[in-house]
Amino acid sequence: MAAGVSPWLRPRRRNRRLIVWSAGRREDVRCLYSAAMAGARSGKQIASKSEDFDRWYVDVVRRAELADYAPVKGCMVIRPYGYALWERTRDALDAMIKRTGHENMYFPLLIPESYLAKEAEHVEGFAPEVFWVTQGGTRQLEERLAIRPTSETIICSMYADWIHSWRDLPVLINQWCNVARWEKRTRLFLRTAEFLWQEGHTFHATDEEAAAEVDTMLDCYRELAEEWLAMPVIKGRKTESEKFAGARYTLSIEAMMSDGWALQAGTSHHLAQNFTTAYGIRYSDRDNALQHPFQTSWGLSTRIIGGLIMAHGDEAGLVIPPRVAPIQVVVVPITRSDDDEAARIDEACSRIEREVPADVRVRVDRREAMRPGEKFAHWELRGVPVRITVGAKDLVEGNVTLVRRFDGEQTVVPLEGLGARLQSLLDEVQLAMRARAQGLLDQRSVDVQTLDDLVAAFTEQPVFASGPFCNRAECEQAVKASVHALTIRNLRSDRSSDGAPCVACREPAEFVALMARAY
RNA sequence: CGGGGCGUAGCGCAGCCCGGUAGCGCACCUGCUUUGGGAGCAGGGGGUCGCUGGUUCGAAUCCAGUCGCCCCGACCA
């Protein structure tokens with residue numbers, strides 16, 4: 001027994017009795033989850049999630065080797081495992097973007113100040129966050145260059161030359177890129193001075209078509225969050241004070257983190273003709289009249305990785321939904337000094353490797369210097385959805401042990417036919433993770449009718465509170481002032497107030513506001 | 001940008017009050033024994049003590065400045 005493992009682990013281990021999965025039916029599955037968690041904690045790699053959530057978050061990001069701080073304040077290095085997670089997320093979204101008719105392209109990083117300045121509300125909104133390049137080599141530049149905080153301005157400037165006719169519309173484009181914004185308070189993934197994202201930009205002949213585009217893309221974000229990242233979200237419209245600078249309106253998806261705080265996970269903006277007017281984009285319509293097209297933009301960033309971590313992680317670290325997991329199944333051989341036995345175990349591992357379907361991402365952890373217990377902790381910290389342990393005891397019966405990361409459920413199953421069964425197991429885990437996250441959201445959502453209700457709702461713990469709201473700035477202030485750090489996340493698109501009185505002013509309200517503390 | 005805290009080996013820390021040329025745990029390297037929940041023994045490598053200046057025979061330690069990071073409040077994907 002390892003020094004440093006809680007003493008009560010010992011009897012728990014003796015009690016371990018797992019019934020074999022026979023004829024496709026599971027019986028008497030014993031969960032060793034809490035024991036595993038205790039072991040992980042004694043390894044003192046990460047802070048306790050329940051005791052210090054913020055510290056836990058940073059620990060998970062760094063210890064699981066997702067990312068680390070870079071030398072420049074607010075900047076981060078995304079390490080291979082974290083980048084693989086982003087790639088899987090990105091590829092899923094990229095497919096949706098293409099499925100809905102968009103094409104990828106690329107605009108430059110540097111934007112002349114004069115380009116940025118044309119849309120007044122936009123430039124004012126972004127002014128505090130822009131990085132400026134003032135020098136090229138040793139020479140002072142004649143005009144300052146902004147490092148893009150977003151690309152509406154340069155895209156409009158270019159499309160002013162490219163859009164001439166109604167036949168040129170719609171324009172449906174997207175780019176994957178980095179952007180930079182000066183941030184005073186930064187957090188790994190959630191708010192960094194430079195981040196990766198996609199920004200979609202479209203131009204349309206009609207207001208309605210643009211509005212439909214804004215909805216369509218928000219729904220892609222919802223699909224990504226729910227179907228891939230197993231994070232249920234609430235769709236809605238941002239208030240005036242929270243909308244994108246220069247937009248007519250902004251839609252968002254808001255996800256609940258496991259501490260009850262909200263995370264804005266994606267936004268979609270209706271820009272109306274605000275930019276196309278300012279940037280002089282005009283086309284001749286069917287009647288040969290000059291028109292400004294209607295425009296949208298929408299973005300989703302590496303912040304979503306932070307959301308994934310906070311939505312699903314537990315005391316032992318990261319828990320990744322199978323569909324985006326860089327490694328879905330890890331195989332840990334329980335090596336023995338007995339050569340014959342070692343050879344049989346190794347052959348069983350190789351067989352699993354051979355027999356899994358090609359689209360299941362499996363890794364056999366053959367590191368010799370590391371003991372099995374440490375490997376368990378290592379892969380749990382990294383959130384690998386399924387672990388298979390291959391040891392002499394199980395192998396005598398032709399079995400291996402299989403453990404699901406997200407709930408610790410452990411079963412002994414026959415090696416025969418294991419490969420074919422893995423995909424359905426992964427699908428099962430994906431759905432169960434989504435259901436669990438939905439359960440948390442349901443459990444910690446409350447309806448409120450008054451500010452008193454609102455205050456009461458937050459006395460125990462952070463929640464998602466929904467209540468009638470008139471969408472006036474004074475009432476938004478009143479809501480924010482009623483509970484510490486509270487914000488209006490969005491005006492829910494799935495709920496109607498039916499004219500019930502606004503939580504703040506008591507006048508008949510048109511909307512139902514989602515109110516929560518947010519990252 | 002206001003308030004608080006911290007910078008000593010890759011990580012976590014002690015040493016500082018009371019100056020005398022740097023230590024502990026983990027990690028790392030080598031060997032042997034181990035291997036079903038973070039192994040044991042033995043040996044070994046690694047640090048301009050954030051930076052600059054000052055005081056002093058002598059500074060991780062005292063003084064001044066500066067930079068960076070973290071946490072809490074006003075702005076944001």
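Reckoned from all heavy atoms, side chains included, excluding hydrogens, waters and symmetry mates. As the structure is a prediction and not an experimental result, all values here were calculated from the model. In what follows, every chain begins at residue 1, and chains take the letters A, B, ... in the order their sequences are listed.
For residues 81-92 of chain A, no pair satisfies side chain to side chain donor-acceptor pair (under 3.5 Å), with sequence neighbours left out. Under the salt bridge (charged side-chain N to carboxylate O under 4.0 Å, His left out) criterion, the residue pairs touching residues 471-487 of chain A are A:R472-A:E474, with sequence neighbours excluded.
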With a cut-off of 3.5 Å and sequence neighbours excluded, list every side-chain donor-acceptor pair involving residues 190-197 of chain A.
unit_1	atom_1	unit_2	atom_2	d
A:T192	OG1	A:E194	O	2.8
A:E194	OE2	A:N178	ND2	2.8

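Within the 4.0 angstrom heavy-atom criterion, base atoms lie near A:A392. At a threshold of 4.0 angstrom between heavy atoms, the contacts of A:H484 are confined to the sugar-phosphate backbone, with no base atom among them. Here A:T487 lies out of heavy-atom contact (under 4.0 Å) with every strand.
In this pair, A:F244 and A:H269 present their aromatic rings parallel. The plane angle is below 30°, not in the 30 to 60° band.
The same atom, C1', is picked in B:G7 and in B:A60; the two are 12 Å apart, to the nearest Å. The P atoms of B:C67 and B:G53 are separated by 16 Å, rounded to the nearest whole Å. Separating the P atom of B:A59 from that of B:A22 is a span of 13 Å, rounded to the nearest Å. Distance check on atom C1': B:C13 versus B:C1 gives 32 Å, rounded to whole Å. The P atoms of B:C29 and B:C6 are separated by 34 Å, rounded to the nearest whole Å. Nucleotides B:G23 and B:G65 place their C1' atoms 30 Å apart, quoted to the nearest Å. Separating the P atom of B:G4 from that of B:G46 is a span of 42 Å, rounded to the nearest Å. Spacing of P atoms, B:U21 relative to B:U61, comes out at 14 Å, to the nearest Å.
Checking side-chain atoms of A:S252 against main-chain N and O of A:E254 turns up no donor-acceptor pair under 3.5 Å. Proximity of a side-chain donor or acceptor of A:D365 to a complementary backbone N or O of A:R367 within less than 3.5 Å is detected.
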Tabulate atom names and distances for all N/O pairs under 3.5 angstrom spanning the protein and nucleotides 10-12 of chain B.
unit_1	atom_1	unit_2	atom_2	d
B:C11	O2'	A:R63	NH2	3.0

Polar atom pairs between nucleotides 69-71 of chain B and protein, under 3.5 Å, N or O only, would you list them?
unit_1	atom_1	unit_2	atom_2	d
B:C69	OP1	A:K73	N	3.3

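Comparing A:R181 and A:L395 by the nucleotide of RNA chain B whose heavy atom lies nearest to each, the residue mapping closer to the 5' end is A:L395. Residues A:A485 and A:G391 both approach RNA chain B. Their nearest nucleotides, taken by heavy-atom distance, put A:G391 toward the 5′ side.
Remark: A:R191 is not in phosphate contact with B:C75, judged by side-chain N or O atoms under 4.0 Å from OP1 or OP2. Regarding contacts with the backbone of B:G37, every side-chain N or O of A:H378 stays at 4.0 angstrom or more from both OP1 and OP2.
Listed candidates were B:G36, B:G73, B:C76. Nearest to the side chain of A:E129 is B:C76. With B:U35, B:G36, B:G37 as the candidates, the nucleotide lying closest to the side chain of A:T401 is B:G36. Among the nucleotides B:G38, B:U34, B:G73, the one closest to the side chain of A:A377 is B:G38.
Shown here, B:G68 forms a base pair with B:C6; the pair counts as Watson-Crick or G-U wobble because both key distances fall under 3.5 Å. Using the Watson-Crick or G-U wobble rule with both distances under 3.5 Å, B:C1 pairs with B:G73. Base-pair partner of B:C62: B:G54 (Watson-Crick or G-U wobble, both distances under 3.5 Å). For B:C16, there is no paired base (Watson-Crick or G-U wobble, both distances below 3.5 Å). A 3.5 Å limit on both hydrogen-bonding distances identifies B:U30 as the Watson-Crick or G-U partner of B:A42. Within the shown strands, nothing qualifies as a pairing partner of B:U48 under the Watson-Crick or G-U definition with both distances less than 3.5 Å.
Shown here are the side chain to side chain donor-acceptor pair (under 3.5 Å) partners of A:H270, two or more places apart in sequence or in another chain: A:D207. Listed by chain and residue number, A:N104, A:Q198 satisfy the side chain to side chain donor-acceptor pair (under 3.5 Å) test with A:N174 (two or more places apart in sequence, or in another chain). A:E65 pairs by the side chain to side chain donor-acceptor pair (under 3.5 Å) definition with nothing, not counting sequence neighbours. Judged as a side chain to side chain donor-acceptor pair (under 3.5 Å), and not counting sequence neighbours, A:R344 has no contacts.
Rounding to whole angstrom units, CD1 of residue A:I334 and C1' of B:G38 are separated by 13 Å. Atom CD of A:E240 and atom P of B:C76 are 13 Å apart (whole Å). A:K393 places its NZ atom 11 Å from the C1' atom of B:U35, with the value rounded to the nearest Å. Taking atom NZ on A:K375 and atom P on B:U34, their separation rounds to 17 Å, with Å as the unit. Taking atom CG of residue A:L402 and atom P of nucleotide B:G36, one finds them 19 Å apart after rounding to whole Å. Per the geometry, CD belonging to A:Q477 stands 13 Å off C1' belonging to B:C75, to the nearest Å. The distance between atom CG of A:L263 and atom P of B:C76, rounded to the nearest whole Å, is 16 Å. Between the CD atom of A:E183 and the C1' atom of B:C75 there is a distance of 8 Å, given to the nearest Å.
Shown are A:D494, A:D219, A:N490; of these, the side-chain hydrogen bond (donor to acceptor under 3.5 Å, both in side chains) with A:K235 is made only by A:D219.
One donor-acceptor pair, N or O on each side, does fall under 3.5 Å between the base of B:G37 and the side chain of A:E380. One N or O donor and one acceptor, one from the side chain of A:R387 and one from the base of B:G37, sit under 3.5 Å apart.
A donor-acceptor contact under 3.5 angstrom links the side chains of A:Q175 and A:S151, judged on distance only.
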